[in-house]
Number of protein chains: 2
Amino acid sequence: MTFTPKGEARRDALLDAVLRVLARDGSGGISHRAVSKEAGVPLAAATYYFESLDDLYVSALKRATAEQVALFEGLVSGDLRQFAEALYDWVYRDRGAAIAQYELMFLGMRRDALREDAEHWYRSLECALDPQGQHPEHARLVSMGVDGLLLRMMWLGEPATVDAVEATVRDLISATTSAS
Amino acid sequence: MTFTPKGEARRDALLDAVLRVLARDGSGGISHRAVSKEAGVPLAAATYYFESLDDLYVSALKRATAEQVALFEGLVSGDLRQFAEALYDWVYRDRGAAIAQYELMFLGMRRDALREDAEHWYRSLECALDPQGQHPEHARLVSMGVDGLLLRMMWLGEPATVDAVEATVRDLISATTSAS
DNA sequence: TCCATTCTGGTACGTTTGTACCACAACATT
DNA sequence: AATGTTGTGGTACAAACGTACCAGAATGGA
């Protein structure tokens with residue numbers, strides 16, 4: 001499974017397209033034809049670079065997850081403002097993409113091939129909250145809250161401002177500090 | 001769209017089948033044929049009682065959501081043990097069904113027809129935590145934590161015992177009490 | 001330059017899909 | 001008993017699907 005640079009580029013274009021289709025139409029919208037059309041490549045390219053639809057699917061998820069993990073891990077620890085901005089941007093900049101990420105999470109629960117990556121993504125959230133690993137129990141509680149916060153943002157569209165997001169994160173953190 | 005009692009029973013059987021297929025194969029497994037086969041009725045019944053696949057889908061979600069809401073609302077307020085047991089049973093008794101419920105949540109985010117029900121389900125969690133509506137901000141934070149807890153249970157299989165679930169809920173509640 | 005590998009893009013095939021249709025059985029109402 | 005509504009189940013069909021195939025273009029090392 002080794003490709004030329006140009007081939008690799010086409011492969012990447014297909015993976016990008018998967019994420020766009022996913023963000024636009026949800027997981028039901030994924031098909032060889034839809035993705036290849038979105039990527040602007042012939043149908044056969046999708047079957048040439050990925051041995052099955054499942055492979056295409058899983059590869060795209062792995063990359064999306066890795067990007068998300070990198071985003072979380074790139075956050076300066078303790079900078080709540082930056083953290084809140086990251087959450088805000090992620091959900092509201094492209095709501096479809098954020099929803100897709102969670103849809104993929106649940107897809108990962110049903111596919112062993114994705115489970116490991118999904119757990120990694122999940123735990124990276126904890127690491128962003130507790131980089132030193134000094135308060136694991138605290139991080140655990142806060143990450144639960146942040147997860148719920150993200151769902152609420154996607155769903156209800158609130159908190160609707162960066163400030164409000166930051167305030168909520170601050171509440172979650174300061175609140176659970178006393179219990180850790 | 002009114003049906004005879006027997007017709008109504010068949011309709012219900014189809015809705016039940018949707019939930020079973022959903023729990024077993026995920027949202028991608030839903031089709032007229034799969035559902036009718038699962039329900040033990042001919043294909044045409046699925047098209048007779050539901051004007052489209054979307055209608056079947058949406059109707060099943062509405063019922064599943066309503067049941068979930070009833071479960072939450074039936075909880076005796078303040079009885080954390082009972083609440084923890086409800087969460088534990090819901091996730092671990094039939095993990096596929098629990099995952100399906102969340103998959104449907106995300107489906108609801110993309111379909112206006114489901115949005116209202118989804119929000120209702122979501123808010124019923126808050127009501128279970130704060131029946132009197134006396135501490136809305138507190139309930140908001142705790143419900144976020146419980147949401148995250150549910151995801152973690154589905155995903156990582158932890159906390160793995162009723163006691164541990166209860167302890168976590170207790171932590172979430174007592175912790176955020178100080179911030180409300 | 002030659003040749004083997006890699007990549008291209010069009011086409012084809014067998015399945016499964018959503019949905020429509022229809023002849024008929026069951027039923028309720030008069 | 002007659003009649004109109006409602007439910008039944010088999011079948012049909014066009015579309016979309018995953019995937020396989022292949023003739024040839026492009027590419028890179030000998």
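By convention in this document, chain letters (A, B, ...) are assigned in the order of the sequence lines, proteins followed by strands, and residues within each chain are numbered from 1.
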Requested in this report: May I ask you to test the A:Leu129-A:His138 pair for a side-chain heavy-atom distance under 4.5 Å?
Outcome: no

Query raised in the report: Do the charged groups of A:Arg111 and A:Asp54 touch, with an N to O distance under 4.0 Å?
Result: yes

Requested in this report: State, to the nearest 10°, the angle formed by the axis through the first five base pairs of the helix from C:dC3-D:dG28 to C:dA28-D:dT3 and the axis through its last five.
Outcome: 10°

Please produce a list of atom pairs where a protein N or O lies less than 3.5 Å from an N or O of nucleotides 20-28 of chain D.
{"residue": "D:dT27", "atom": "OP1", "partner": "A:Lys6", "partner atom": "NZ", "Å": "3.1"}

Query raised in the report: Are side-chain N/O atoms of A:Thr168 and A:Arg152 paired as donor and acceptor at under 3.5 Å?
Result: no

Query raised in the report: Does D:dG7 have OP1 or OP2 sitting under 4.0 Å from an N or O in the side chain of B:Arg11?
Result: no

Report summary line: Ordered by number, residues from residues 23-38 of chain A within less than 4.0 Å of DNA chain C (heavy atoms) are A:Arg33

Report task. Assign A:Tyr49 to base, sugar-phosphate, or nothing according to its heavy-atom contacts below 4.0 angstrom with the strands shown. Result -> sugar-phosphate

Query raised in the report: How are the rings of B:Tyr102 and B:Trp121 set relative to one another: parallel (under 30°), tilted (30 to 60°) or perpendicular (over 60°)?
Result: perpendicular

Query raised in the report: Any chance the side chains of B:Ser143 and B:Arg123 put a donor and an acceptor closer than 3.5 Å?
Result: no

Query raised in the report: Taking the side chain of A:Leu53 as its heavy atoms from C-beta onward, which of D:dT19, C:dT8, D:dT8 lies nearest to it?
Result: D:dT19

**Report entry** Gap between atoms OH and P, on B:Tyr48 and D:dT6 respectively (whole Å)
**Finding:** 7 Å

**Report entry** Distance in Å, B:Leu114 CG paired with B:Lys62 NZ, rounded so as to fall on 0.5 Å steps
**Finding:** 7.0 Å

Query raised in the report: What heavy-atom pair brings A:Leu87 and A:Met153 nearest, and what distance separates the two atoms?
Result: O-CE, 4.0 Å

Query raised in the report: What's the OH-P distance between A:Tyr57 and D:dT19, to the nearest Å?
Result: 14 Å

Query raised in the report: If we ignore angles and hydrogens, is there a donor and acceptor under 3.5 Å between the side chains of B:Trp90 and B:Gln68?
Result: yes

Requested in this report: Verify whether one side chain among A:Tyr49 and A:Asp55 offers a donor that lies under 3.5 Å from an acceptor in the other.
Outcome: no

Query raised in the report: C:dG18 C1' sits how many Å from B:Asp55 CG, rounded?
Result: 14 Å

Report task. Would you indicate whether B:Glu116, at its atom CD, is surrounded by more than 12 heavy atoms from other residues, nucleotides or ligands within a distance under 6.0 Å? Result -> no

Query raised in the report: What about B:Leu107 and B:Leu150, same hydrophobic cluster or not, with Ile/Leu/Val/Met/Phe/Trp/Tyr joined at side-chain heavy-atom distances under 4.5 Å?
Result: no

Requested in this report: Return the nearest nucleotide to the side chain of A:Ser52; candidates are D:dT19, C:dG9, D:dG7.
Outcome: D:dT19

Query raised in the report: For B:Leu56 and C:dT17, what is the distance between atoms CG and C1' respectively, to the nearest whole Å?
Result: 14 Å

